[in-house]
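This report refers to the structure that appears directly beneath it.
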Amino acid sequence: MSVRRWIMPTCQEMTRLLSDAMDRSLPFHLRIRMQVHLAMCTLCQRYRRQLKLIREMLRHQGNQLNTAWDLHEPSLSPEAKQRLQRALG
């Protein structure tokens, strides 16, 4: 991998990194690479905002989603719903 590529990940790599960063803490060197890329790429900045918006909307609508899920058959098991809520929370 070239030095430029190591410092500046591709947009395709950024989509994976941005998604991973929402679910877990990334190592320092990956966070730096992301910041360098985001400082220069407005498309990835927009993608990150969209991911955050979707996540926030799902968090705020969680109770309503549970109610909606309970009204339809077949439904997710209570355990599956709890796993989803933990993953989104």
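- Going from atom CG of Leu43 over to atom CE of Met14 covers 11.5 Å, rounded to the nearest 0.5 Å.
- Shortest non-hydrogen contact noted between Thr15 and Gln12 is OG1-O, 2.7 Å.
- The backbone N or O of Met22 lies less than 3.5 Å from a partner atom in the side chain of Arg55, making a donor-acceptor pair.
- Atom CD of Glu13 sits about 3.5 Å away from atom OG1 of Thr10, to the nearest 0.5 Å.
- Atom CD in Glu79 sits 10.0 Å away from atom NZ in Lys81 (nearest 0.5 Å).
- What you find for Ser19 and Leu51 is that their closest heavy atoms are N-CD1, 4.1 Å.
- Taking hydrophobic clusters as Ile, Leu, Val, Met, Phe, Trp and Tyr residues chained together by side-chain heavy-atom distances below 4.5 Å, Tyr47 does not share a cluster with Ile54.
- Of the residues listed (His37, Arg16, Met34), the one engaging Pro9 in a side-chain contact (heavy atoms from CB on, under 4.5 Å) is His37, and it is the only one.
- Side-chain contact check for Leu30 versus Arg33: some heavy-atom pair is nearer than 4.5 Å.
- A donor-acceptor pair shorter than 3.5 Å cannot be found between the side chains of Thr42 and Gln45.
- Residue Leu18 comes nearest to Leu38 through the heavy atom pair CD2-CD1, 4.2 Å, listed as atom of the first residue, atom of the second, then distance.
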